[in-house]
Colleague: 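Structure in structure tokens, see below.
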2 protein chains.
Amino acid sequence: MRTAAVVGTGLIGTSVALALTARGVTAYLIDRDEAAARTAAALGAGTFGAPPAPVDLAVLAVPPAKVAEVLEEHQKDGLAQAYTDVASVKGRPQAELTARGCDPTSFVGGHPMAGRERSGPRAGRADLFDGRPWVLTPHPATRTAVLRRGLELVRLCGAVPVVLGPEAHDRAVALVSHVPHLLATLMAARLCDGEDFAVRLAGQGLRDVTRIAAGDAGLWTDILATNAEAVAEILGEVAKDLDAVLGALRTLAVAPAGPARSRPAAELTALLRRGNTGHARIPGKHGGTALRYSSVRVVLRDRANELARLLADASLTGANIEDIRLEHATNKDAGLVELLVAGESAGRLAADLTRREWTVHV
Amino acid sequence: MRTAAVVGTGLIGTSVALALTARGVTAYLIDRDEAAARTAAALGAGTFGAPPAPVDLAVLAVPPAKVAEVLEEHQKDGLAQAYTDVASVKGRPQAELTARGCDPTSFVGGHPMAGRERSGPRAGRADLFDGRPWVLTPHPATRTAVLRRGLELVRLCGAVPVVLGPEAHDRAVALVSHVPHLLATLMAARLCDGEDFAVRLAGQGLRDVTRIAAGDAGLWTDILATNAEAVAEILGEVAKDLDAVLGALRTLAVAPAGPARSRPAAELTALLRRGNTGHARIPGKHGGTALRYSSVRVVLRDRANELARLLADASLTGANIEDIRLEHATNKDAGLVELLVAGESAGRLAADLTRREWTVHV
């Protein structure tokens, strides 16, 4: 990749542009808010304004609700050979761009799993994505060359590519990002009514629980609204647990000492233990890739869209592709692809792909 | 203070003993689990076993449900001149010790607002309380000399004394500690059901929100059960907000693009903004005492229980005493006391105390 355009120079767009520029890619910076693009350019993120010729890749760093509209606009004006986005939600934008009649062959969805509670170009950092997962969600029609360009972007930004279907992605981020954001917000909102002397007793626990509640309310409304179904599903489960806890606490509030307290207390303990168990599942700071996957290695023949076709076939088998690695000592669009999956599903994936006439190395 | 006993050598008890020993106090370590007390002694926290004569202060570092029982036991065997505890809840233990017929004159409730998600003597640290608030909740009958001993303990541990009534304390910690713990737990519990690839996408936001969910389930059951009423009250408000969010999300999940989305989206934005506002109220890491208080200085006459009587009178005026400082160049139990309160309530407190025949310096 020699040239790129970044459309939207907020925190993420500016960070992408800084990373690309640092790796020698010529980045063009576009934003409806001209001042933001000029600020990003002044910070060394690239050149202000539209490129003189179509770039290798355009990164649409706009809110989820704007992705389809901005893609349509730039596909029409021929901004780039390939397009990706960085929105936190993938299903609805993909449906919208199909509905608008955008060309899906030159687009691959993307979501770098990095962020800060700050926003705007000045918060941008070239190392924002270092070691972080970056999900790519190819459309069944996405051309192999376009997916490879997305993988190259991820690599240039120092992130770890994870290939998922849009729905699997949206369920996952509802769990690890959107619902946590809402719970942090619900806690922080309670502090509005708290007495001064109470809030002043705050310790590190409260600070940690509520840190992400400082995020931009407008942007988060957009994210949550765009992923409403998946978020509501998990939040509904939280509400059930919360009601059970509330019932136990209300019983304890009136129960005298003795056996009347043992059942509601046991309910609290059971929830607290589930919390311990769930917490223990979170990988360490750089554990996202340190966990053991099994790899299934597949030969790619030298044909158009072969990689996209492989990923579509893999997702039809029900396997979750956690990571993908391309062997570099290969032809341009062929060679060996390593698909990383949870250990127990590797055998089935290999068998299913073989049945679909892929050549699988075990 | 020359001698102290620490009953219960878990994280907090061991940390108190380490801090006291470091300041030259002879600390005796007592625990029903002899191995824990011996471990704490081996870590340099003091001397294993009961003291040869009554100590100046006994610190009961046992779970909230055990405070009254352990106080009764040690008042009977004459362990100390004065007693305090470190339990996270104050109202119910105080009611229990009254019910058991313990002597309230030699007891002052205490709660150092410091903790870690780790537990046990090996997690203890002499600096655990540095700069942290340490709430003291004197009983109306608490002798002045006993309250002063509590204040001395707080100072020796490097913490900042805050004097509150037991109920005000319990409401405050429900808000800044117990409800946050439950929300972190509710989030972490959801991860039990999450798919592997989803949990592996976890970022720092999820880590922060759930960090305290690693806490000891048994200890937290005890804390929550003991403060059930105050926790249920705040959690009930959280449940109402959560139900509203869930309603908005479910509407958004089915609403087509356009005006049908604007009202539920506005509801989400309103909650997210309240989260921003509440989050902004949390003081910085060492902001608990950096905030500006007004001080009301009161002359203490040389009479028994004068300080406890002053604090009881002050709490009857409705003022929240945020901090208390004793002038040291005074007689043993008399002198000048500085009460720190929120700026707007200083005038009223001074007037009320004057009416109650205290000599107030303005």
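Naming: A, B, ... by sequence-line order, numbering from 1 per chain.
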Colleague: Please look at B/Ser177 and chain A and tell me whether the side chain, the backbone, both or neither of the residue comes under 4.5 angstrom of a heavy atom of that chain.
Modeller: neither
Colleague: Less than 4.5 Å apart, side chain to side chain, heavy atoms only: is that true for A/Glu72 and A/Leu97?
Modeller: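 The answer is no, as the side chains (C-beta and beyond) never meet within the 4.5 Å cut-off.
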Colleague: Under 4.5 Å heavy-atom distance to chain A, tell me which part of B/Met187 shows up: side chain, backbone, both or neither.
Modeller: both
Colleague: Of the listed residues (A/Leu268, A/Thr277, A/Val135, A/Leu201), which shares the most heavy-atom pairs with chain B below a 4.5 Å separation?
Modeller: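 Maximum pair count with chain B is reached by A/Leu201.
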Colleague: Please list, one pair per line, the donor and acceptor atoms closer than 3.5 Å that link side chains of residues 253-266 of chain B to other protein atoms, with sequence neighbours excluded.
Modeller:
| from | atom 1 | to | atom 2 | distance (Å) |
| --- | --- | --- | --- | --- |
| B/Arg261 | NH1 | B/Leu252 | O | 3.0 |
| B/Arg261 | NH1 | B/Ala255 | O | 2.9 |
| B/Arg261 | NH2 | A/Ala225 | O | 3.0 |
| B/Ser262 | OG | B/Pro259 | O | 2.9 |

Colleague: Is any side-chain heavy atom of B/Val341 closer than 4.5 Å to a side-chain heavy atom of B/Ser345?
Modeller: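 Answer yes - side chains close enough.
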Colleague: Are B/His111 and B/Trp134 close enough that their ring centres sit under 6.0 Å apart?
Modeller: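 No, the ring centres sit 6.0 Å or more apart.
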Colleague: Tell me, out of A/Ala172, A/Ala270, A/Cys192, who's got the most heavy-atom pairs with chain B below 4.5 Å.
Modeller: A/Cys192
Colleague: Considering only heavy atoms and a distance below 4.5 Å, find which of B/Ala230, B/Gly218, B/Ala213, B/Ala280 pairs most often with chain A.
Modeller: B/Ala213
Colleague: Look at B/Ala65, B/Ala168, B/Ala248, B/Ala184 and state which one has the largest set of heavy-atom pairs under 4.5 Å with chain A.
Modeller: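 The candidate making the most pairs under 4.5 Å is B/Ala168.
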Colleague: Side-chain contact test, heavy atoms from C-beta onward, threshold under 4.5 Å: evaluate it for B/Asp241 versus B/Arg274 and give yes or no.
Modeller: yes
Colleague: What heavy-atom pair brings A/Ile282 and B/Ala202 nearest, and what distance separates the two atoms?
Modeller: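 Heavy-atom minimum between the residues: CG2-CB, 3.9 Å.
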Colleague: Quick one: which of A/Thr251, A/Val179, A/Leu175 has the most heavy-atom pairs under 4.5 Å with chain B, could you say?
Modeller: A/Leu175
Colleague: Heavy-atom pairs under 4.5 Å with chain B are the metric here; pick the option from A/Arg273, A/Arg250, A/Glu237 that has the most.
Modeller: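 Option with the greatest count: A/Glu237.
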Colleague: If we define contacts as heavy-atom pairs under 4.5 Å, which of B/Ala239, B/Ala189, B/Gly205, B/Ala174 has the most with chain A?
Modeller: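 The residue among B/Ala239, B/Ala189, B/Gly205, B/Ala174 with the greatest pair count is B/Ala189.
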Colleague: Got A/Val160 and A/Arg132 here, is their nearest side-chain heavy-atom distance under 4.5 Å?
Modeller: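 No - every pair of side-chain heavy atoms lies 4.5 Å or more apart.
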Colleague: Could you check which of A/Asp243, A/Ile234, A/Leu164, A/Val162 has the highest count of heavy-atom pairs closer than 4.5 Å to chain B?
Modeller: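 Top count of heavy-atom pairs under 4.5 Å with chain B: A/Leu164.
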Colleague: Do you know which of A/Gly194, A/Gly247, A/Gly203 has the most heavy-atom pairs under 4.5 Å to chain B?
Modeller: A/Gly194
Colleague: Would you indicate whether the side-chain heavy atoms of A/Asn276 and A/Leu272 approach each other to under 4.5 Å?
Modeller: no
